[in-house]
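Take a look at the structure set out below.
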Number of protein chains: 2
Amino acid sequence: MNKVNIAEKFTQFNSYWDPKIVGELNGQYVKLVKLKDEFVWHHHEEEDELFLVIKGELTIKLRDGEIWLNEGEFYIIPKGIEHLPVAEKEVHVLLFEPKNTLNTGNTASEKTVSELEVI
Amino acid sequence: MNKVNIAEKFTQFNSYWDPKIVGELNGQYVKLVKLKDEFVWHHHEEEDELFLVIKGELTIKLRDGEIWLNEGEFYIIPKGIEHLPVAEKEVHVLLFEPKNTLNTGNTASEKTVSELEVI
């Protein structure tokens, strides 16, 4: 593989809620995604999910609170925990999660992306 | 868990080649490590290893070339591939790898750290 420059990869797409695969290791994917506005409440039955903010600010609503993430901060959503990512303005996020993770987890939605592009 | 501010975590230790655990998900650890000077040639039999440079510059020597990583760039060393991290100046790195990964892989060394601290 080649090295990955995260900022450069983010210049390659402009869609929201549409994760791109930028790395694979140990059965996991590294994904980059641009988020804006509100997603859908969902959880992942079997997969923990890491959100690392590369640029901007992200709120992750949980049923019992909220997490605010700034650039350079990450949070791991344990499997089974319902969450709702919310981005008031555009935010760039790196995700670490198992290869079989679906972006909307248990919640089928128009935002569900089942075929991810590798960039 | 709480959110993790990567820069803040790096203020909590000053040792080199001494990875700290800052997150766990799906049988993998997120680790932070400060590197300076040269490590030891090694490989990991079963684990792919991701190096993401948070601050500074890192060279990863391979038997057939070199990778130069700047801030915001990552590289995944596939299992079985010999590598030698070299940091001319101090560099701050985020690692993502399976929980059982030993820092020196197959090469027992004075730099081997078998009990990692969680910070």
Side-chain angles (χ1 to χ4, degrees), chain A residues 1-11 21-32 44-55 57-60 62 65-81 83 85 92-101 118, chain B residues 1-11 21-32 44-55 57-60 62 65-81 83 85 92-101 118:
Chain A
M1 71 166 281
N2 296 316
K3 72 175 180 181
V4 172
N5 182 302
I6 293 173
E8 190 278 324
K9 289 289 186 191
F10 272 115
T11 68
I21 296 167
V22 294
E24 178 180 345
L25 69 166
N26 307 304
Q28 320 285 309
Y29 277 145
V30 183
K31 302 174 184 173
L32 299 181
H44 304 280
E45 287 292 346
E46 298 295 339
E47 305 98 358
D48 310 318
E49 186 170 42
L50 182 149
F51 289 77
L52 168 61
V53 172
I54 301 296
K55 185 176 170 188
E57 297 174 14
L58 176 66
T59 302
I60 302 176
L62 306 172
E66 289 187 0
I67 308 293
W68 295 278
L69 296 178
N70 291 304
E71 189 175 318
E73 295 183 334
F74 73 78
Y75 190 77
I76 296 169
I77 309 283
K79 62 185 177 186
I81 298 295
H83 55 284
H92 296 185
V93 175
L94 181 151
L95 304 169
F96 277 137
E97 53 195 9
K99 288 176 66 173
N100 61 349
T101 305
V118 180
Chain B
M1 70 165 283
N2 296 315
K3 71 174 180 180
V4 172
N5 181 301
I6 293 172
E8 189 278 324
K9 289 291 187 191
F10 272 115
T11 68
I21 296 167
V22 294
E24 177 180 347
L25 70 166
N26 306 303
Q28 320 286 309
Y29 278 144
V30 183
K31 301 174 185 174
L32 300 181
H44 305 280
E45 287 292 347
E46 297 296 339
E47 305 97 357
D48 308 319
E49 185 171 43
L50 183 149
F51 289 76
L52 167 61
V53 172
I54 302 296
K55 186 176 169 187
E57 297 173 15
L58 177 65
T59 302
I60 302 177
L62 305 172
E66 288 187 0
I67 308 293
W68 296 278
L69 296 178
N70 290 304
E71 188 175 318
E73 294 182 334
F74 74 79
Y75 189 78
I76 296 169
I77 309 281
K79 60 185 179 186
I81 299 295
H83 54 285
H92 296 185
V93 175
L94 181 150
L95 302 170
F96 186 57
E97 56 195 10
K99 288 175 66 173
N100 60 349
T101 305
V118 179

Report the option among Glu49(A), Gln28(A), Glu97(A), Glu47(A) that has the most heavy-atom pairs separated by less than 4.5 Å from atoms of chain B.
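Most heavy-atom pairs under 4.5 Å with chain B: Gln28(A).
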
With only heavy atoms counted, which part of [X] is less than 4.5 Å from chain B, the side chain, the backbone, both or neither?
{"X": "Ile6(A)", "result": "both"}
{"X": "Val53(A)", "result": "neither"}
{"X": "Ile60(A)", "result": "neither"}

Residues in side chain to side chain contact (heavy atoms under 4.5 Å, CB included) with Glu66(B), at least two apart?
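Glu66(B): side chain to side chain contact (heavy atoms under 4.5 Å, CB included) contacts with Thr59(B), Lys61(B), Trp68(B).
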
Who passes side chain to side chain contact (heavy atoms under 4.5 Å, CB included) against Glu8(A), sequence neighbours left out?
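For Glu8(A) the side chain to side chain contact (heavy atoms under 4.5 Å, CB included) partners, ignoring immediate neighbours, are Asn5(A), Thr11(A), Gln12(A).
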
Flag side-chain contact, heavy atom, 4.5 Å: Lys79(B) against Asn26(A)
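Not touching, per the 4.5 Å side-chain cut-off.
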
State, with a plain yes or no, whether a side-chain heavy atom of Val93(B) is found less than 4.5 Å away from one of Phe10(B).
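No, every pair of side-chain atoms sits at 4.5 Å or beyond.
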
How far apart are the C-alpha atoms of His92(A) and Glu71(A), what are their side-chain angles, what is the distance that settles it, and do they pass the side-chain hydrogen bond (donor to acceptor under 3.5 Å, both in side chains) test?
CA-CA 9 Å; His92(A) 296 185; Glu71(A) 189 175 318; over 6 Å; no

Please classify the contact of Phe51(B) with chain A as side chain, backbone, both or neither, using a heavy-atom distance under 4.5 Å.
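Contact with chain A: none, neither part.
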
